[in-house]
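Report on the following structure.
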Amino acid sequence: MPDTTITAPKATPTLPDAQEVTSVTHYTDRLFAFRCTRPQSLRFRSGEFVMIGLMGDNGKPLLRAYSIASPSWDEELEFYSIKVPDGPLTSRLQHIQPGEQIILRPKPVGTLVLDALLPGKRLWMLATGTGIAPFASLLRDPETWEKYQQVIVMHTCREVAELTYGRELIEALPDDPLIGELVEGKLLYYPATTREDSPIMGRVTDNLKSGKVFSDLGIAPLDPEHDRAMVCGSLDFNKDIKAILEEAGLREGANSSPAEYVVEKAFVD
Ligand code: A2P
């Protein structure tokens with residue numbers, strides 16, 4: 001009797017909450033960014049984070065919090081990441097290629113959102129290292145530019161090459177078809193390094209405390225009536241910046257009680 005058993009073609013195993021990587025850009029041996037497809041149901045506010053990752057060797061998802069670096073209107077998602085050689089996730093994620101899958105839990109959360117701030121005139125974006133990621137989202141969101149008369153981005157990294165992701169994004173803003181006109185005359189960019197010579201040197205904290213940033217940019221010092229701040233960096237950075245902002249009279253806000261500044265921890269593996 002002929003064998004009539006039909007064997008189903010072997011399907012490529014699909015991860016739960018899988019998204020496909022569409023592009024990968026490496027900036028330094030410590031930093032890379034990638035884009036992936038966006039779940040149709042995913043709605044988020046610029047500045048929020050989600051859990052993303054890969055399937056672990058034990059068959060369980062290995063997930064970490066990552067700020068979404070793309071704006072809420074973008075049809076894809078973008079993430080900016082550090083590479084930690086022995087980091088459980090980033091040691092593998094850094095080798096991801098277009099066409100491969102990542103896991104993405106579509107539940108965005110976070111405090112680094114415009115809704116958690118009271119109305120103001122100037123918005124300070126204060127970041128170290130990969131802490132620029134949520135600002136990459138907020139800077140490409142028209143709402144940021146509609147709500148504020150001036151946006152000041154202070155980003156400090158150890159070395160010049162580590163500023164590249166933020167710098168390229170910020171330099172492209174005036175030519176952006178959606179927000180180019182809104183940005184005109186409103187953006188002040190203050191990129192600095194601490195361990196390699198560059199035109200602006202020093203930690204964000206030191207340049208605020210000494211008043212260097214105000215004199216370099218020709219602007220008034222912090223004023224709780226008009227200034228709003230969003231902070232994203234290492235735990236130590238966040239703690240030190242909070243002290244400076246509080247000293248200047250700004251209070252920490254949250255989704256439920258908006259105030260003058262908000263803080264988010266940058267992803268570290
Ligand atoms: P520094 O080189 O003086 O340590 P990292 O790559 O370690 O996350 O650091 C990113 C940037 O953040 C570096 O320029 C580093 O400066 C700076 N930084 C680290 N800790 C603090 C802090 N507590 N306050 C302000 N800046 C900090």
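No hydrogens, no waters, no symmetry mates; every other heavy atom, side chains included, goes into these values. Start at 1 with the first residue, then count along the sequence. For ligands, and for the atoms within them, numbers begin at 1 and follow the listed sequence.
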> Which atoms of ligand 1 sit under 4.0 Å from any heavy atom of T205?
Replying inline: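 Near T205, meaning under 4.0 Å from one of its heavy atoms, ligand 1 has 24 (N), 25 (C).
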* Asked: Which atoms of ligand 1 are found less than 4.0 Å from any heavy atom of D236?
  ->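 Those of ligand 1 that fall under 4.0 Å from D236 are 23 (N).
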side-chain hydrogen bond (donor to acceptor under 3.5 Å, both in side chains) test vs R35 passes for just one of T22, T25, D74, namely D74
> Strictly under 4.0 Å, does any heavy atom of R30 approach an atom of ligand 1?
Replying inline: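 Yes, R30 has a heavy atom closer than 4.0 Å to ligand 1.
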**Asked** Is V204 near ligand 1, meaning one of its heavy atoms is under 4.0 Å from it?
**Response** no
Among protein heavy atoms, which lies nearest [atom], and at what distance?
atom	answer
atom 5 (P) of ligand 1	R158 NE, 3.6 Å
atom 3 (O) of ligand 1	R203 NE, 2.9 Å
atom 11 (C) of ligand 1	T156 O, 3.7 Å
atom 15 (C) of ligand 1	T194 OG1, 4.0 Å

N/O of D240 under 3.5 Å from N/O of ligand 1, yes or no?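 So ligand 1 has an N or O lying under 3.5 Å from an N or O of D240.
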- prompt: Nearest protein heavy atom to atom 8 (O) of ligand 1: under 4.0 Å?
  reply: no
I200 and T156, any side-chain heavy atoms less than 4.5 Å apart = no
*asked:* Checking side-chain polar atoms at under 3.5 Å, does T37 have a donor or acceptor matched by the opposite partner on E20?
replied: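 Short answer, no.
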- Message: Hydrogens and angles aside, do E246 and Y261 bring a side-chain donor and acceptor to less than 3.5 Å of each other?
- Response: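 E246 vs Y261: donor-acceptor pair found between side chains.
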Report task. Could you tell me how the ring of F32 sits relative to the ring of H26: parallel (under 30°), tilted (30 to 60°) or perpendicular (over 60°)? Result ->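 Rings of F32 and H26: parallel, under 30°.
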Plane angle bin for F34 and F79 - parallel if under 30°, tilted between 30 and 60°, otherwise perpendicular:
tilted
